[in-house]
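Input: a single structure, listed below in structure tokens.
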Amino acid sequence: MLGDRNLRGMIEKAFDRLYDDLSIKIDKTNNDRIHALEASLCTRLAYYERRDSIAPDNNSKISILLGNGLRHALSNIKGEYRVDNLTLEVNADMIIADEFVVRFEVVSQLPEIPHPRHLLYLNACLFAFNKNDGFLIYMDAEGKTAEFSVTKNNRMFEETIRRARVLSALLKENKVPIVEPSDLCLRCKYYERCFAREKIKSSSGDILADIFGKLSGK
Ligand code: SF4
């Protein structure tokens with residue numbers, strides 16, 4: 001407390017405002033408009049975010065803020081691609097020389113190969129902006145980067161559209177999509193809704209000794 005003011009509370013409120021301002025805006029009421037981020041991540045996660053969301057914890061907020069703050073400082077260009085009654089929305093970070101679409105990803109560790117969900121997302125941007133080539137640039141906290149070039153790919157885009165259609169249909173039917181196990185689950189705020197988790201109780205305090213003891217009949 002500083003005087004009669006709650007300094008920590010004030011800082012948290014300022015962070016919350018910034019977080020709301022910088023978040024990518026998704027119209028959660030329109031089931032015919034799906035953002036490519038929703039289709040390229042886990043569709044179950046996207047469903048929960050629209051229907052029954054849990055607020056992110058402070059650590060997640062700060063890491064999302066870093067990525068979104070960078071996008072906000074860049075062009076953050078909106079685009080969309082329509083297929084029948086479905087509209088796929090995208091936000092690209094930059095378009096260079098009116099030719100190359102650029103997407104940045106802030107990560108704790110630079111990857112050796114690009115993550116499939118980031119490829120699906122950048123590829124969707126290429127279709128929405130009708131460009132052939134893009135760059136996926138990973139950046140870590142020290143400012144080190146790893147760059148990958150990406151060429152427009154029909155099959156990857158068909159997969160994104162298929163996933164967007166599934167999400168759109170399930171939202172209309174109020175049905176939760178199936179679990180999509182991936183590395184995302186480990187730090188997902190919906191983990192407990194997807195996976196039963198029970199800590200094993202050991203009588204001796206050493207679970208391996210208990211198991212091998214039972215196997216050897218001791
Ligand atoms: S825990 Fe995994 S499957 Fe469940 S919503 Fe999160 S990312 Fe999707």
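Counting convention: from 1, in listed order, for ligands and their atoms alike.
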Quick check on the 6.0 Å ring-centre criterion: do Phe135 and Phe100 meet it?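 Here the rings of Phe100 and Phe135 have centres that are less than 6.0 Å from each other.
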
Is the distance between the ring centroids of Phe157 and Tyr81 under 6.0 Å?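 That pair passes the under 6.0 Å test.
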
What protein heavy atom sits nearest atom 6 (Fe) of ligand 1, and how far away is it?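 I find the closest protein heavy atom is Cys188 SG, 2.4 Å.
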
Report the nearest protein non-hydrogen atom to atom 3 (S) of ligand 1: residue, atom name, distance rounded to 0.1 Å.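 For this ligand atom, the closest protein heavy atom is Glu180 N, 3.4 Å.
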
Going by the order shown, which atoms of ligand 1 are within less than 4.0 Å of some heavy atom of [X]?
| X | answer |
| --- | --- |
| Leu45 | 5 (S) |
| Cys185 | 1 (S), 2 (Fe), 3 (S), 7 (S) |
| Val179 | 3 (S) |

Positive for side-chain hydrogen bond (donor to acceptor under 3.5 Å, both in side chains) with Tyr138, one of His118, Gln109, His115, Arg103: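 With Tyr138 as partner, side-chain hydrogen bond (donor to acceptor under 3.5 Å, both in side chains) holds for just one option, His118.
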
Hey, is atom 4 (Fe) of ligand 1 within less than 2.8 Å of some N/O/S atom on Cys194?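 Yes.
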
Would you say Cys42 reaches atom 8 (Fe) of ligand 1 with an N/O/S atom under 2.8 Å?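 Yes.
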
Anything under 30° is parallel, anything over 60° is perpendicular, the rest tilted; go ahead and classify Tyr121 against His35.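 The rings of Tyr121 and His35 lie parallel, inter-plane angle below 30°.
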
Would you call Glu159 and Arg162 a salt bridge, taking side-chain N to carboxylate O under 4.0 Å as the test?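 Salt bridge flag = yes for Arg162 with Glu159.
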
For salt bridge (Lys or Arg N to Asp or Glu O under 4.0 Å), just list the numbers for Glu38 and Lys28, CA-CA rounded to whole Å, side-chain angles, deciding distance to a tenth of an Å, and then say yes or no. CA-CA 11 Å; Glu38 297 178 291; Lys28 295 185 177 176; over 6 Å; no

